[in-house]
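Here's the structure we're looking at; comments come further down.
Throughout, numbering of the chain's residues begins at 1 and tracks the sequence.
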Amino acid sequence: MNLWTDIRDFLFPRLCLSCGKKLLQSEDGLCISCFSSLPYTHLGNTSGNEMEKCFWGRFPVVRASSLFYYAKGGDVAQILYAMKYHARKKLCCKMGEYMAGELCDSGFFEGIDYLLPVPLFSSRLRQRGYNQSELLARGISCVTGIPLCTDAVVRSRNNATQTHKSGYARWQNVDRLFLPTPQAANLHDKHILLVDDVLTTGATLVACADALLGVENIKISVLTLAWAR
């Protein structure tokens with residue numbers, strides 16, 4: 001197996017998404033140097049932080065956090081693009097593991113019963129072959145031991161991309177975008193952590209939370225890899 005890995009890396013070298021340097025076997029996506037220079041939010045488990053305030057008045061969020069700040073054309077944008085469009089499944093899981101590793105000691109995951117990744121529409125899932133948010137959640141689960149819940153909410157349509165839309169247009173674009181399934185009733189009295197790759201206006205995450213608000217005594221928190229504040 002090691003010989004095959006050496007041959008593969010020689011013929012098809014894995015390169016850092018940022019600097020183009022050849023990656024070590026222990027690295028994925030970015031080299032250690034570039035990874036260490038990413039723009040961390042340092043939000044951690046701070047109650048009432050600026051990201052949490054994005055959801056105030058929209059749904060009763062318990063806590064919210066994100067690992068990195070997003071900037072167009074930046075290294076975090078390169079990571080997200082590779083995760084979504086270049087089938088970097090291993091990178092998705094690794095990012096989830098890293099998110100969990102950074103937040104575990106803060107108590108962020110205390111009391112969380114399930115990780116609920118924001119679902120893709122069925123046709124887009126078939127086309128892409130995976131849901132990057134679900135792989136992020138699986139990475140988080142590997143570190144925390146918190147199980148996934150992937151059958152309580154469905155995406156009702158393949159809505160147009162949010163890119164280049166105004167804030168108001170984004171909210172119109174996600175109206176009733178998610179619907180609860182009969183399994184959602186099993187989340188009564190549970191604390192759910194919504195997991196997504198990036199937060200922009202919050203429209204998608206709020207729409208997903210809205211689909212669950214009819215569940216008795218449900219609690220909802222939010223975690224994303226990146227935040228485009």
Hydrophobic cluster identity match, Tyr130 and Met95, side-chain contacts under 4.5 Å = no

Backbone N or O of Ile140 within a donor-acceptor pair of the Thr144 side chain at under 3.5 Å?
-> yes

What about Val154 and Leu177, same hydrophobic cluster or not, with Ile/Leu/Val/Met/Phe/Trp/Tyr joined at side-chain heavy-atom distances under 4.5 Å?
-> no

Value rounded to 0.5 Å, distance of SG in Cys31 from NZ in Lys22 = 14.0 Å

Find the distance between CD1 (Ile112) and NZ (Lys219) and round it off to the nearest 0.5 Å.
-> 9.5 Å

Is Pro119 close to Phe178 at the side-chain level, that is, under 4.5 Å between some pair of heavy atoms?
-> yes

In the single-linkage hydrophobic clustering (I, L, V, M, F, W, Y; side-chain heavy atoms under 4.5 Å), do Val118 and Leu80 co-cluster?
-> no

Heavy-atom check, side chain of Val62 versus side chain of His191, under 4.5 Å | yes

Are the side chains of Ile32 and Glu27 in touch, meaning some heavy atoms are under 4.5 Å apart?
-> yes

Val143 versus Met99: any side-chain heavy-atom pair under 4.5 Å?
-> no

Heavy-atom side-chain contact between His188 and Asn217 under 4.5 Å | no

Shortest non-hydrogen contact between Cys142 and Glu97, atoms and distance = CB-OE2, 4.4 Å

Asp196 and Thr224: side chain donor to acceptor below 3.5 Å = no

Can any side-chain N or O of Ser221 pair as donor or acceptor with the backbone N or O of Ala64 at less than 3.5 Å?
-> no

Side-chain donor-acceptor contact under 3.5 Å, Thr41 with Ser66 = no

Does Cys34 offer a backbone N or O that forms a donor-acceptor pair with the side chain of Ser18 under 3.5 Å?
-> no

Single-linkage hydrophobic cluster, 4.5 Å side-chain cutoff, Tyr98 and Leu225 together = yes

Do side-chain atoms of Arg229 reach the backbone of Tyr70 as a donor and acceptor pair under 3.5 angstrom?
-> no

With the side chain counted from C-beta on, respond yes when Leu193 and Leu116 share a heavy-atom pair under 4.5 Å apart, and no when they do not.
-> no

Aromatic ring proximity Tyr69/Tyr40, centre distance under 6.0 Å | no

Just wondering, do Leu194 and Leu223 contact through their side chains at under 4.5 Å, heavy atoms?
-> no

What's the verdict on side-chain contact (heavy atoms from CB on, under 4.5 Å) for Val206 and Asp210, showing C-alpha distance, side-chain angles and the deciding distance?
-> CA-CA 6 Å; Val206 171; Asp210 282 347; 3.9 Å; yes

ILVMFWY cluster, Val61 and Ile220 together (side-chain gap under 4.5 Å) | yes

Answer with yes or no whether the side chains of Asp151 and Gln183 bring together a donor and an acceptor at under 3.5 Å.
-> no

Show your reasoning for whether side-chain contact (heavy atoms from CB on, under 4.5 Å) applies to Cys54 and Trp227.
-> CA-CA 11 Å; Cys54 292; Trp227 176 25; 3.9 Å; yes

Ignoring hydrogens and geometry, is there a side-chain-to-backbone donor-acceptor pair from Asn45 to Leu103 under 3.5 Å?
-> no

CZ/Phe35: more than 12 non-hydrogen atoms of other groups inside 6.0 Å = yes

Give the intermediate values and the outcome of side-chain contact (heavy atoms from CB on, under 4.5 Å) for residues Leu212 and Val153.
-> CA-CA 8 Å; Leu212 293 168; Val153 176; 3.6 Å; yes

